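Each chain gets a letter, A, B and so on, in the order its sequence line appears, and its residues count up from 1. What you see is a predicted model, and the numbers here were worked out from it, not measured in a lab.
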4 protein chains.
Amino acid sequence: MPRTEKQFEQIRKEKKKLIMDAALELFAMNGFHATSISQIAKKAGISKGLAYNYFESKNELLQELVDQGFQEVGEMMQPNQDGIPSDEEFASFIEKSFDMVGNDLRHWKLFYSLMLQPTVAENINEKYAEVSEPLFKMMYTYIASKGNKDPEGDMMIISSMIEGALLYIIVATDIFPMERLKEKVIDGIFRIIESGGGKN
Amino acid sequence: MPRTEKQFEQIRKEKKKLIMDAALELFAMNGFHATSISQIAKKAGISKGLAYNYFESKNELLQELVDQGFQEVGEMMQPNQDGIPSDEEFASFIEKSFDMVGNDLRHWKLFYSLMLQPTVAENINEKYAEVSEPLFKMMYTYIASKGNKDPEGDMMIISSMIEGALLYIIVATDIFPMERLKEKVIDGIFRIIESGGGKN
Amino acid sequence: MPRTEKQFEQIRKEKKKLIMDAALELFAMNGFHATSISQIAKKAGISKGLAYNYFESKNELLQELVDQGFQEVGEMMQPNQDGIPSDEEFASFIEKSFDMVGNDLRHWKLFYSLMLQPTVAENINEKYAEVSEPLFKMMYTYIASKGNKDPEGDMMIISSMIEGALLYIIVATDIFPMERLKEKVIDGIFRIIESGGGKN
Amino acid sequence: MPRTEKQFEQIRKEKKKLIMDAALELFAMNGFHATSISQIAKKAGISKGLAYNYFESKNELLQELVDQGFQEVGEMMQPNQDGIPSDEEFASFIEKSFDMVGNDLRHWKLFYSLMLQPTVAENINEKYAEVSEPLFKMMYTYIASKGNKDPEGDMMIISSMIEGALLYIIVATDIFPMERLKEKVIDGIFRIIESGGGKN
DNA sequence: GATGAATGAGGATTCATTCAT
DNA sequence: TATGAATGAATCCTCATTCAT
């Protein structure tokens, strides 16, 4: 009995995932250029040729990984509201950011790595800016709602703090343990915002 | 009659600098692996072969760049004191960090890039940790001196903020303008520390 | 549908032989260092890259040639006995040595060449000594069985004679024709042994 | 006081010898192709450029070494007579051959090495044949004078024995000690010649 | 869909040789 | 005479990509 089209589709999907997983692992660990298609194929347990059955080129494979990553971010992070977030919502958003990175270190390591080498994945910085935009906006709204004197400025440093903490988690998780850092960052953000009423 | 030893030394010094400059530019821009010796030579205006008269290998060239960078950091950053830094000293230290990065974006872009790909320059994370150690200590001392309840925790988030701000400067200086960011970060740090007396 | 494993194996086996043959020819003729992978590939009718699909490096290719050569020697030369060889056995052994070299001049030229340049194939002298050991022993036994006064000394000069004759065959077969030389050497060896009863 | 022309000449001669010595050492040890001009210059304590002041090319340097070697052989070996050598003269001639090689292993290692790779020093085999010619002739004369039935055949195997012994000395002096070998070879040669009266 | 042999362009590295000083 | 910086051709080797089966 021949497989139905659906089964084929399923197989294709799974194999593709297999390849992408292997690639992500290696790209994140060793970098895009230092990773060969051979290595990816071996890790995925397939032949070199088959990889080209699923991806036009090594660059396209990278691109799909990037897209995949951004899609996950988009799904998880959409500030599903346009109004002013509550304190809980805001805190939960920060927390989610950390969890997202913590649960998918490889994607994020790859992202950061690519952002520092924009020649590889051309549009990554733009995409990242695009994804970040609504988050910045949401942050800004929230901070401003607290009567802050310089909401933009505080948003900048809060973003910095988050970004920096995520970087520590990605690059040196052993130095600054994730859970502690997350907790402290959330706490710190609120302290900054609270202290923003009477300055600047 | 041959040139004097001094003349040779002079030539070597200048040419070496030339090569390192070209390499730094390209490594920072495109990444280590995506940069070929040919490109470096062309940019430096020399022949491929000559590069090997100055550096044993591409890797060694990278290593020298890294060492050079760290040396500059070391020189600029040594917290020339063991006691508790004054507020001015502390602020000036933060400011210097920003200036250091701002004045040498290429080195720093390379550093961050390498830290995310430790396979390339083996010991870079260790070296960075080594360089950071005294700075962490100094921060800790300063924060603790302010009667902070959790100096270590605050140090973590302040470090994060600085690191994140530097990352923004390196990767997206157009979004968050350096001078503004620097000023806001310093301000933010003091607000955090001040607010750290009564919490946690 | 891909080829079966057997087909692949067959292809690999044949192509490998092709490459090794080309390499042996060129190494023997021009020497290891003076032979480039390009030349080998061209002679074998393949691309440069493919050579590396079969051999990790030029050195490994050499090593496999050496091993191949020694294996053939081992197979052909094993003195399949521990006792005292008869006159016929002994003569046949000498004859076989000559034939072995005569039938595989290229391998032997390579061997001799490498033995004179031990930097290239590190262990070749040891391997050669290892292979020669049982032959020396067999010779010694035979000579001693003839009541020789100094079997070791006679073995030395007989070995020298053989080695020297082989060298002539390898390097200047046109001067001393192989068949004649072989015959004369065998005759000479017996004369030496016979004359060894009353001297020294 | 400027040096006289003679002094200059002297200096040139000495420096040239210096370079040739270094080259010989390295060529013999590692082979012609594996030895770079840089290495030679360093070993000779001069600059790369200067080497080219004395030798047109690396190949010419080799050629001069070869010529030098052959000249020494010629000087030492000329059978300064056309008549039949006496037993003592013959024995002394063999002995001298061994001493010549033993005292100048490097030249001889180079020679043998080149003879096996005629591509490098084009005419070496011819030259060697040329040098050997009178020696063969002398041997032949001597052997024939002993009433030998097949002087040419015996000359072949005696030459082989000598050549082989020299090869052992060059390549594996530790296995067959030179002095012993020399003595045994001379003895063996006489035994062969003596036994040549009643056979073949 | 699946395989891995095959290609060839490109990259790191070496080295004989030249040349300004 | 003497130096070593400089060149560029040649070499080893890698790897993305293609393709016959």
Side-chain angles (χ1 to χ4, degrees), chain A residues 3 8 11-12 15 33-41 45-61, chain B residues 1-5 7-12 14-16 33-41 45-59 61, chain C residues 1-5 7-12 14-16 33-41 45-59 61, chain D residues 3 8 11-12 15 33-41 45-61:
Chain A
R3 274 173 266 209
F8 270 125
I11 289 175
R12 260 194 90 77
K15 194 134 286 190
H33 282 109
T35 301
S36 74
I37 293 285
S38 284
Q39 285 166 32
I40 296 171
I46 59 160
S47 72
K48 244 187 310 181
L50 191 56
Y52 282 86
N53 204 316
Y54 288 88
F55 302 93
E56 295 239 324
S57 70
K58 192 182 166 190
N59 264 286
E60 213 215 59
L61 169 50
Chain B
M1 222 162 327
R3 278 174 264 222
T4 67
E5 199 155 318
Q7 285 173 308
F8 276 130
E9 206 169 318
Q10 183 64 14
I11 290 176
R12 280 193 80 78
E14 282 168 15
K15 192 105 338 170
K16 188 165 185 175
H33 281 112
T35 300
S36 73
I37 291 283
S38 283
Q39 286 166 27
I40 295 171
I46 60 159
S47 70
K48 243 185 313 180
L50 190 58
Y52 285 89
N53 201 318
Y54 288 87
F55 301 92
E56 297 237 325
S57 69
K58 192 181 163 189
N59 264 288
L61 170 49
Chain C
M1 221 160 330
R3 276 174 265 221
T4 66
E5 198 154 319
Q7 284 173 309
F8 277 129
E9 206 169 317
Q10 182 63 15
I11 290 176
R12 280 193 79 79
E14 282 169 13
K15 192 109 333 174
K16 189 164 185 175
H33 281 112
T35 301
S36 72
I37 292 284
S38 282
Q39 286 166 27
I40 296 170
I46 58 159
S47 71
K48 243 185 313 183
L50 190 57
Y52 286 90
N53 200 317
Y54 289 87
F55 302 93
E56 297 237 327
S57 68
K58 193 182 162 186
N59 263 287
L61 170 48
Chain D
R3 274 173 266 207
F8 272 125
I11 289 174
R12 260 194 91 77
K15 194 134 288 188
H33 282 109
T35 300
S36 72
I37 293 285
S38 284
Q39 286 166 31
I40 295 171
I46 61 160
S47 72
K48 244 186 310 181
L50 191 57
Y52 282 86
N53 205 315
Y54 288 88
F55 302 92
E56 295 239 325
S57 69
K58 192 183 166 189
N59 264 287
E60 213 215 58
L61 170 49

### Query
Looking at Lys58(D) and Thr35(D), what are the two nearest heavy atoms and their distance?
NZ-O, 2.7 Å
### Task
To the nearest Å, give me how far apart CD (Glu5(C)) and C1' (dA2(E)) are.
14 Å
### Task
State, yes or no, whether a side-chain contact exists between Lys15(A) and Leu50(A) at a heavy-atom distance under 4.5 Å.
yes
### Query
dA5(E) P sits how many Å from Glu14(C) CD, rounded?
13 Å
## Note on the structure
All heavy atoms of Arg12(D) vs all of Asn53(D), minimum pair found to be NH2-O, 3.3 Å
### Message
Just N and O in the side chain of Tyr54(A): are any of them under 4.0 Å from OP1 or OP2 of dA2(E)?
### Response
yes
### Message
dA12(E), OP1 or OP2 - any side-chain N/O from Lys58(B) closer than 4.0 Å?
### Response
yes
### Task
Could you pull out the closest heavy-atom pair between Phe8(C) and Arg3(C), with the gap in Å?
CE1-O, 3.5 Å
### Query
Are any non-hydrogen side-chain atoms of Gln10(B) and Thr4(B) less than 4.5 angstrom apart?
no
### Query
Under 4.0 Å between a side-chain N or O of Arg12(C) and OP1 or OP2 of dA5(E)?
yes
### Message
Here's a test of your reading of the structure: between Asn59(D) and Glu9(C), which maps to the more 5' nucleotide of DNA chain E?
### Response
Glu9(C)
### Query
Which nucleotide, in any strand shown, forms a Watson-Crick or G-U wobble pair with dG8(F), with both distances under 3.5 Å?
dC15(E)
### Task
For Thr35(B) and for Lys15(C), find the nucleotide of DNA chain E with the closest heavy atom, then tell me which residue's nucleotide is more 5'.
Lys15(C)
### Query
Once you round it to whole Å, what is the distance between P of dT18(F) and CZ of Phe55(A)?
16 Å
## Note on the structure
Checking dT17(E), dG1(E), dT3(E) against the side chain of Ile46(A) (C-beta onward), the nearest is dT3(E)
### Query
For Tyr52(C) and dT14(F), is the shortest distance between a side-chain N/O and OP1 or OP2 below 4.0 Å?
no
### Query
Of Gln7(C) and Ile11(B), whose nearest nucleotide on DNA chain F comes first from the 5' end?
Ile11(B)
### Strand partner of dT3(E), provided both Watson-Crick or wobble distances fall under 3.5 Å
dA20(F)
### Message
From C-beta outward on Ser57(A), which listed nucleotide comes closest to its side chain: dC15(F), dA6(E), dT17(F)?
### Response
dT17(F)
### Query
What nucleic acid atoms does Ser47(C) come within less than 4.0 Å of, heavy atoms only: base, sugar-phosphate, or nothing?
base
### Length of the line joining Glu56(B):CD and dT13(E):P, which is rounded to integer Å
10 Å
### Residue Arg3(B), side-chain heavy atoms: nucleotide from dG11(E), dA20(E), dA20(F) that is nearest
dA20(E)
### Message
Measure CD1/Ile37(A) against P/dT7(E) and give the value in whole Å, please.
### Response
20 Å
### Query
CZ of Phe8(B) versus P of dT3(F): gap in Å, rounded?
9 Å
#### Entry: Euclidean distance, atom NZ of residue Lys48(D) to atom P of dA16(E) [Å, nearest integer]
9 Å
### Task
Ignoring backbone atoms, test whether Asn53(D) places a side-chain nitrogen or oxygen under 4.0 Å from the OP1 or OP2 oxygen of dT1(F).
yes
## Note on the structure
Of Ala51(B) and His33(C), the one whose nearest nucleotide on DNA chain F sits closer to the 5' end is Ala51(B)
### Summary
Here the distance between atom P of dT14(F) and atom CD of Gln39(A), to the nearest Å, is 12 Å
### Task
Quick one: closest heavy-atom pair of Ile46(D) and Ala51(D), and the distance?
CD1-N, 3.9 Å
